[in-house]
Structures are given as structure tokens and as C-alpha cells.
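Every chain is numbered from 1, with letters handed out A, B, ... down the list of sequences.
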2 protein chains.
Amino acid sequence: MAKRDGYHHGDLRAALIAAAQAAVDAGGPDAVSLRDLALTLGVSTAAPYRHFHGRDALLSEVAARGFTDLGEAYARAQAAASDPQTALRETARAYLTLAFGRPGLFKLMFGSDLVNAADAPTSLLQPAAAAWEGLYRAVAAADPAADLATVKRRAITGWSTLHGFITLVQGARLKGFMTEPLTEAELLEAVLDKTLKPD
Amino acid sequence: MAKRDGYHHGDLRAALIAAAQAAVDAGGPDAVSLRDLALTLGVSTAAPYRHFHGRDALLSEVAARGFTDLGEAYARAQAAASDPQTALRETARAYLTLAFGRPGLFKLMFGSDLVNAADAPTSLLQPAAAAWEGLYRAVAAADPAADLATVKRRAITGWSTLHGFITLVQGARLKGFMTEPLTEAELLEAVLDKTLKPD
DNA sequence: CTCCGATGTAAGCGTCACTTACATTGCGAC
DNA sequence: GTCGCAATGTAAGTGACGCTTACATCGGAG
């Protein structure tokens with residue numbers, strides 16, 4: 001790859017994904033402009049369309065890799081844990097780590113309508129579903145005696161707590177409320193406690 | 001108002017807000033185009049700028065009215081309840097009602113960066129803060145013995161559960177998982193239960 | 001009645017995603 | 001080897017968007 005002959009780029013597709021990833025991490029989904037990417041990569045504005053149907057297709061690829069990363073982080077957290085309770089807590093922590101460590105990517109994955117779109121590609125839907133399965137798996141393993149409905153209910157309500165806290169914090173809705181008598185670390189543990197509480 | 005002399009509109013400002021509100025309810029914040037609104041109202045594309053600094057200022061006005069509505073819904077719910085526990089549950093239900101009843105408006109209020117913006121006007125920040133106070137008030141009233149940190153923690157984690165569920169549902173992240181053995185109504189009550197559980 | 005501030009218009013700028021017609025290249029078939 | 005074709009690039013243009021500037025029109029206060 002990376003052979004430049006003055007006309008063909010070498011591996012424009014990979015370069016576009018990398019540049020888009022960087023832009024998403026730096027400024028979220030809205031910071032991605034195909035024109036900008038093309039200019040940065042020294043290529044015409046029409047070139048990206050040889051590799052992606054459009055802006056959404058490129059963003060879908062970036063989001064898909066985010067979901068893949070998330071699923072792998074879940075798997076690592078669960079493999080490293082000595083018992084199912086710890087595994088569940090560390091799985092939740094992996095979600096928080098992605099959300100607060102790469103907020104731009106998180107916004108793309110969970111704040112955009114890409115996954116919701118009618119023409120969402122399998123390459124996006126599959127990793128997204130796999131990530132959810134990773135969460136679900138941890139909830140199920142933490143209480144093998146629970147029936148299906150219970151596990152689903154716990155997974156959904158727990159995920160809601162975790163996800164809601166993240167979106168509220170990132171939307172700056174808790175500014176001035178998170179501090180005062182509560183430290184941020186205390187609050188984070190409180191959120192984890194509520195997230196994991198069985199019922 | 002509404003005097004049309006062929007040149008001046010009569011009350012363009014109010015008409016713009018109403019049209020923007022309708023567009024937001026119909027298709028969310030992204031569905032609002034100043035050009036479209038101007039065309040619909042039979043006015044030039046530059047006219048809206050006589051009444052709003054730009055697109056964000058108009059959307060801020062719509063969002064502000066949403067927060068005002070939310071705060072009033074809280075107040076009504078609390079006034080109608082016979083005891084503080086019921087008041088808290090009905091306050092939470094009011095949040096769900098706005099979210100699921102007017103998803104486009106909810107997305108504008110909590111999914112956009114308007115409130116977060118550095119130049120957010122007081123006319124938006126004040127109703128937003130007031131709405132949060134309405135939630136907080138209900139949590140505090142439900143347990144008068146609790147200290148400040150406890151009330152804050154409960155309000156934040158509870159709101160997180162509620163808010164996260166809404167955003168996950170509206171992002172279609174729970175499609176196929178909400179149904180199976182769980183009815184949607186059951187799940188909603190489960191979310192409310194988890195939201196309101198003191199600790 | 002006259003002037004002036006409020007409110008409108010016409011025209012245009014720069015950016016965006018995307019399309020179309022054409023140019024260049026590497027590579028496998030022969 | 002070279003020929004032809006598919007892959008990959010370019011140049012130019014379309015239409016929508018937010019926003020700005022210079023000018024036109026109107027109603028009401030003096």
C-alpha cells in the first residue's frame with residue numbers, strides 16, 4: 001500500500017477511515033467533512049465516493065470499528081475477572097471507559113441515527129449487536145438462576161442507568177450538580193452500584 | 001398581529017417559532033431549515049435574521065419553551081399527587097410523557113449541544129435549570145430525612161436511569177430486545193421502579 | 001407631514017454532500 | 001510484451017444550506 005504514483009493514492013480507503021476516525025475523536029461526528037478529508041489527503045473531492053457511497057457509509061465504518069473495540073473490551077474485562085460479579089462490574093466499567101475516553105466516537109455510536117437508519121449495513125449492525133450481547137452475557141452470568149425475562153429486564157434497566165449518566169454528563173446537564181458535596185469519583189461508583197443492583 | 005400589507009408580515013417572530021416547533025415535532029432539530037421556514041411563511045430567506053441571530057437562536061427559543069413545558073408538567077404532577085412518593089413517580093412519568101410524546105422536541109432539548117454551547121442565552125438556561133429543580137424537588141420531598149449528598153446522588157442516578165432508557169429506546173438500540181418475553185409496559189414500570197429506588 | 005427605526009427584499013458568498021463525464025493507471029489475458 | 005479493461009483518480013457542476021450586505025418599504029412618533 002501507500003504507493004503514490006502522483007495519480008493513484010495507494011490505499012485511499014484505509015486512509016479515509018483513519019482520517020475520519022481521528023476527526024471523530026477530535027470533534028465528534030459533526031467534525032467529519034468529506035471535502036476536508038479529501039483535501040487533507042491530497043485528493044480530489046470526488047475521490048472518496050469511489051470507496052464509500054457517501055458520508056454516512058464512511059461514518060458507519062468508523063462506528064462499526066468502535067462497536068468492535070467495545071465488544072473486545074467487554075471480552076477482555078470478563079476474561080480478566082475472577083468471578084461473575086467482578087466480570088459484570090468491569091464490563092460496565094469498560095463501557096464508561098469508552099464513553100469518557102473517546103467521547104466523539106461514543107457520540108457517533110450512540111448519538112447518531114446511523115444504526116437506526118433503514119439502510120444500515122450489516123457491517124455496522126453485526127458488531128453493534130455483538131457488543132450488546134457482550135453486556136447481556138455478563139448480566140446473565142452474574143445470576144445463573146434468573147429466568148430470561150429477569151435477565152433482559154436487568155440488562156436493559158442497568159444499561160439505561162449507565163448510558164443515561166454518560167449522556168447527561170456529556171451533554172453538560174449535570175454541571176454544578178456533580179461537584180458540591182459529591183466528588184465525581186463517588187458519583188461514578190454510585191452510578192455503577194445502581195447499574196448493577198439486581199432489582 | 002397577522003396584519004399582512006404585502007410587505008411586512010405582521011408577526012414573523014411568532015410565526016417562525018410556531019413553524020420551527022412544528023418542524024421539530026415532525027422531524028427533530030435536523031428538520032429545521034431557515035430557508036424552508038421562510039419559504040413556507042412566504043417571506044424572503046433573509047427575513048428570519050431580523051428576529052433571530054441565526055438558526056441556533058431560533059432552536060434555543062423552541063428548546064426553552066420545551067423546558068418550560070416540562071417544568072410545568074412537573075408542577076402539575078406534584079400538585080395532583082396525594083403523597084410525596086406518588087408525586088415523585090408522577091414527576092418521572094411526566095418526563096417519560098414528554099420524551100415519548102414529543103420525541104423531536106426531546107432530542108432538541110437533550111440531544112443537541114444548544115444548552116452546552118458557550119453562548120447559550122439565559123432565556124434557555126433558566127427554564128432548563130428550573131426543570132431540573134422540579135425533578136430535584138420531588139426527590140428531596142420523597143425522603144425529608146436524607147442529607148444533601150444523598151438527595152443529589154439519588155436525583156442524578158435516578159434521572160440517569162430514566163434518561164438512558166429513553167435515549168436507548170429512541171436510538172432503536174433495544175429493538176427486538178424489548179419484546180420477546182417482556183411487554184413494553186412491563187419494561188416501562190421496571191424502569192420507573194429502578195429510577196425511584198432510593199439506593 | 002416628515003423623518004426614522006423596524007422590518008422586509010434581492011443578490012450573493014462560502015461550505016457542504018453528491019453527481020457526471022472524462023483521464024490515468026496497474027494488471028491479467030493472450 | 002502489449003493490449004484492453006476494471007479500478008481509481010480528476011474537473012466541473014448542481015442544489016441546499018446558513019449567513020451577510022446593501023437597499024426598499026412601511027408605520028408611528030415628533
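- Using a 4.0 Å cut-off between charged nitrogen and carboxylate oxygen, E189(B) and R89(B) count as a salt-bridge pair.
- Nucleotide dC19(D) holds its P atom 6 Å from the CG atom of L34(B), rounded to whole Å.
- Between the CG atom of D56(A) and the P atom of dA17(C) there is a distance of 10 Å, given to the nearest Å.
- Looking at heavy-atom distances under 4.0 Å, S33(A) makes contact with sugar-phosphate atoms alone, never a base.
- Annotation: side chain of M109(B) is in contact with side chain of L98(B) (closest heavy-atom distance under 4.5 Å).
- Contact between the side-chain N/O atoms of R55(B) and the OP1/OP2 oxygens of dG18(D) is found at a separation under 4.0 Å.
- Comparing atom distances between the Y49(A) side chain and each of dT19(C), dA10(C), dT10(D) picks out dT19(C) as nearest.
- Counting to the nearest Å, the C1' atom of dC16(C) and the CG atom of D30(B) are 14 Å from each other.
- Contact annotation: the side chain of R65(B) approaches that of I17(B) to within less than 4.5 Å [non-hydrogen atoms, C-beta and beyond].
- Comparing dC23(D), dA11(D), dG9(D) against the side chain of R50(B) picks out dC23(D) as the nearest.
- In this structure, CG of L39(A) is placed 16 Å from C1' of dA17(C), rounded to the nearest angstrom.
- What separates CZ of R13(A) from P of dG9(D) is a distance of 12 Å, to the nearest Å.
- Checked against L70(B) for a side-chain contact (heavy atoms from CB on, under 4.5 Å), the options Y95(B), F106(B), W132(B) give a single hit: Y95(B).
- At whole-Å resolution of the value, CG in L58(A) and P in dC16(C) are 15 Å apart.
- Relative to the side chain of H9(B), the nucleotides dA12(D), dT8(D), dG8(C) differ in distance, and dG8(C) lies closest.
- Of the listed nucleotides (dA17(C), dG9(D), dA12(D)), dA12(D) has the atom at the smallest distance from the side chain of T45(A).
- Note on R35(B): a base of the nucleic acid sits closer than 4.0 angstrom, heavy atoms only.
- OP1 or OP2 of dG8(C) has at least one side-chain nitrogen or oxygen of H51(B) nearer than 4.0 Å.
- Checking D36(B) against H53(B), the closest nucleotide of DNA chain D that is more toward the 5' end is the one next to D36(B).
- Rounded to whole angstrom, the span from the CG atom of L12(B) across to the P atom of dG8(C) amounts to 5 Å.
- The separation between L16(A) atom CG and dG9(D) atom C1' is 12 Å, rounded to whole Å.
- Using a cutoff of 4.0 Å between basic side-chain nitrogens and carboxylate oxygens, K107(A) and D113(B) are scored as salt-bridged.
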